[in-house]
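Just below is one structure, and these are the notes that go with it.
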Amino acid sequence: MDFNVKKLASDAGVFFTRAVQFTEEKLGQAEKTELDPHLENLITRADGTKNWTEKILRQTEVLLQPNPSARIEEFIYDKLDKKLPSRTTNAELLGQYMLDAANEFGPGTPYGHTLITVGEYQKRLGGAERELLHTSATTFLTPLRNFLEGDWRTISKERRLLENRRLDLDICKARLKKAKQAEAKAAAAPDFQETRPRNYVLSASASALLSEEVDKAEHELRVAQTEFDRQAEVTRLLLEGISSTHLNHLRCLHDFAEAQATYYAQCHHYMQDLQRELNRCANAVGAPLSSAAVCPNPVSSAFLSGPSSPGATVSSSSSQRPSTLAMEQTQLPGTGTRKAKVLYDYDAHDASELSLLADELITVYTVPGMDPDWLIGERGNDKGKVPVTYLELLS
């Protein structure tokens, strides 16, 4: 292995000189070359982009994977450039436990059958969560991580080079200043004994050396200024690329929001289907409870804006409840009739509901005792229940 002592000593000398210059600048004992205001603004903007990207990346990772041990495992696999093993989501694990419990209790029992139904939907929710994690990692986390580990490292490297060029420039300025001061001092205080031939020769030689030192310092200053300007231009071009980074992150943010919207829409759809399944199961076994008491429709009672009206009619025969409810909704007078725009397609699950197509306009109203998450919708001669979450009410 080659070991160049001279180069090592030279590099150590340059490092020490720069350290001295940097320390003197911090103490206010040396002049500092200020960067262009535009370049300073670009540096400040880039630092803000880097800091906030790190925070957003870390918090998104926490949101998608709350388990710190799992995040550490993902980090290690990523650094080792290995594929992360497939991990079961909590919802999938819960669903599997329910299925196993149903097999032990007996799938033919009401409890076992319900465990199977809920367990299957929990596994569907887990699958939707898995898809969200994969999509978010691909479209959002990876671009942010690539910026921090790629573009930002390049920018940081060029900024360090720019700082070194600035220190070299300031060192050359200080050296030239000292050389000119020494030359001026020698010219202002001549040797009174230079009338002797020997002293005259020495004085002339010293003046020539000082003049040569000034010329050398001026040449080094010009070279340092050229290198500083070139590095400042390179750094400026890289920093101006932060605008393109913002545009790229904007697209990634839209993709992330779309992935979340898809995930929550899937979860809402699965839970609606699950509640209908539970209602049908309850009706099949003749449970003497209202549909809202067995399982609210279409969303959990935790999300309801309030209890149903006290005047709501509950049928004592669960087998006749759907038809009775449909008759009540079609016969009772409507209140608050208004237009509504359909946001998403909706397929009716039974005869009491109305199928919808996205972007169509329908007339909606409510009836006394009706679930607040549903309205009665009319389209021509067709009439039926429609979910509020699929509508945009128009004034």
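Position 1 is the first residue of the sequence; numbering continues from there.
Contact of the Leu361 side chain with the Val342 side chain is not registered, since no non-hydrogen atoms from C-beta on lie closer than 4.5 Å. Here the side chains of Glu61 and Arg145 are in contact, with some heavy-atom distance below 4.5 Å. The shortest side-chain heavy-atom distance between Thr389 and Leu343 does not fall under the 4.5 Å cut-off. Between His246 and Thr49 there is a side-chain heavy-atom pair separated by less than 4.5 Å. Between Lys157 and Thr154 the shortest side-chain heavy-atom distance does not fall below 4.5 Å. Counting only heavy atoms from C-beta outward, the side chains of Glu129 and Glu92 never approach each other to under 4.5 Å. Under the 4.5 Å side-chain criterion, counting only non-hydrogen atoms from C-beta, Lys341 is in contact with Asp359. No side-chain heavy atom of Arg338 sits under 4.5 Å from any side-chain heavy atom of Thr363.
Residue Val62 shares its hydrophobic cluster (ILVMFWY side chains chained together at separations under 4.5 Å) with no other residue. The hydrophobic side chain of Leu210 is isolated, with no ILVMFWY side chain under 4.5 Å apart from it. Tyr97 belongs to a hydrophobic cluster whose remaining members, ordered by chain and number, are Leu93; membership requires side-chain heavy atoms of ILVMFWY residues under 4.5 Å apart, directly or through intermediates. Here Leu99 is tied into one hydrophobic group with Ile116, each link being a pair of ILVMFWY side chains closer than 4.5 Å.
Once rounded to the nearest 0.5 Å, the distance linking NZ of Lys385 with OG of Ser352 reads 4.0 Å. The OG1 atom of Thr139 lies 9.0 Å from the NE2 atom of His134; values are rounded to the nearest 0.5 Å. Distance check: Leu169 CG to Asn164 CG gives 12.5 Å after rounding to the nearest 0.5 Å. How far CD of Gln272 is from SG of Cys267: 12.0 Å, rounded to the nearest 0.5 Å. Summarising the geometry, atom CG belonging to Leu35 is positioned 11.0 Å from atom CG belonging to Asn41; distances are rounded to the nearest 0.5 Å. Summarising the geometry, atom CD belonging to Gln266 is positioned 9.0 Å from atom CG belonging to Leu132; distances are rounded to the nearest 0.5 Å.
Donor-acceptor pairing under 3.5 Å is recorded for the side chains of Thr33 and Asp170. Between the side chains of Ser243 and Arg45, at least one donor N or O sits under 3.5 Å from an acceptor N or O.
Looking at residues two or more places apart in sequence or on another chain, you find a salt bridge (charged side-chain N to carboxylate O under 4.0 Å, His left out) between Glu233 and Arg236. Annotation: salt bridge (charged side-chain N to carboxylate O under 4.0 Å, His left out) contacts of Asp47 (sequence neighbours excluded): Arg159. The side-chain contact (heavy atoms from CB on, under 4.5 Å) check on Asn146 picks up Thr142, with sequence neighbours excluded. Every residue two or more places apart in sequence or in another chain was checked for a salt bridge (charged side-chain N to carboxylate O under 4.0 Å, His left out) with Glu258, and none qualifies. Partners of Gln260 according to the side-chain hydrogen bond (donor to acceptor under 3.5 Å, both in side chains) rule, which considers only residues two or more places apart in sequence or in another chain, do not exist here. Listed by chain and residue number, Tyr346 satisfy the ring pair (Phe, Tyr, Trp, His ring centres under 6.0 Å) test with His349 (two or more places apart in sequence, or in another chain). Contacts of Asp215 classified as salt bridge (charged side-chain N to carboxylate O under 4.0 Å, His left out), with partners at least two apart in sequence or in another chain: none.
For an aromatic pair to be called close, the ring centres must be under 6.0 Å apart, and Phe147 with His249 satisfies this.
Closest approach of Leu356 to Leu391, counting heavy atoms only: CD1-CD2, 4.1 Å. Of all heavy-atom pairs spanning Leu115 and Ala101, the tightest one is CD1-CB, 4.0 Å. Residue Ala348 comes nearest to Ser355 through the heavy atom pair N-OG, 3.1 Å, listed as atom of the first residue, atom of the second, then distance. The two residues Leu176 and Val214 come nearest to each other via the heavy atoms CD1-O, 3.8 Å. For Val388 against Trp374, the heavy-atom pair with the smallest separation is CG2-N, 3.7 Å. Scanning both residues, Ala259 and Ser136, for their nearest heavy atoms gives CB-OG, 4.4 Å.
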Starting from the C-alpha separation in whole Å, work towards a yes-or-no answer on side chain to side chain contact (heavy atoms under 4.5 Å, CB included) for Thr60 and Phe140.
CA-CA 9 Å; Thr60 305; Phe140 189 62; 3.6 Å; yes
Show, in sequence, the C-alpha distance, side-chain angles and deciding distance for Ile56 and Leu144, and conclude whether the side chain to side chain contact (heavy atoms under 4.5 Å, CB included) test is met.
CA-CA 9 Å; Ile56 292 174; Leu144 265 60; 4.1 Å; yes
Determine, stepwise, if the pair Val364 / Thr337 fulfils side chain to side chain contact (heavy atoms under 4.5 Å, CB included).
CA-CA 6 Å; Val364 295; Thr337 301; over 6 Å; no
Might you work through the salt bridge (charged side-chain N to carboxylate O under 4.0 Å, His left out) test for Glu227 and Arg166, ending with a clear yes or no?
CA-CA 9 Å; Glu227 293 180 351; Arg166 186 193 64 77; over 6 Å; no
Side chain to side chain contact (heavy atoms under 4.5 Å, CB included) for Leu375 and Leu393? Distances and angles first, verdict last.
CA-CA 11 Å; Leu375 294 172; Leu393 299 180; 4.1 Å; yes
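Within a 6.0 Å radius of CD in Glu40, other residues, nucleotides and ligands contribute more than 12 heavy atoms. Counting heavy-atom neighbours within 6.0 Å of Glu104 CD, excluding the residue itself, gives a total of 12 or less.
Leu125 and Leu64 fall into different hydrophobic clusters, where Ile, Leu, Val, Met, Phe, Trp and Tyr side chains are chained together by heavy-atom contacts under 4.5 Å. Leu161 and Leu239 sit in two unconnected hydrophobic clusters of ILVMFWY residues. Membership requires side-chain heavy atoms under 4.5 Å apart, directly or through other members. Both Leu57 and Ile242 belong to a single network of hydrophobic side chains, linked directly or stepwise wherever heavy atoms of I, L, V, M, F, W or Y lie under 4.5 Å apart. A continuous path of hydrophobic side-chain contacts links Met370 to Tyr390 [ILVMFWY only; heavy atoms under 4.5 Å]. Linking Ile, Leu, Val, Met, Phe, Trp and Tyr residues whenever their side-chain heavy atoms come within less than 4.5 Å leaves Phe228 and Ile171 in two separate clusters.
A donor-acceptor distance shorter than 3.5 angstrom exists from the side chain of Thr109 to the backbone of Gly106, with no hydrogens or angles considered. Side-chain atoms of Glu158 do not come within 3.5 Å of backbone N or O of Leu238 as any donor-acceptor pair. Formation of a donor-acceptor pair under 3.5 Å by the Asn248 side chain with backbone atoms of Ser244 is not found in this model.
The residues Glu54 and Lys50 are annotated as salt-bridged, a charged nitrogen and a carboxylate oxygen being separated by less than 4.0 angstrom. Look at Arg175 and Glu218 and you find no salt bridge, because none of the NZ, NE, NH1 or NH2 atoms lies under 4.0 Å from a carboxylate O.
Among residues at least two apart or in separate chains, side chain to side chain donor-acceptor pair (under 3.5 Å) pairs with a member in residues 110-125 are Gln96-Lys123.
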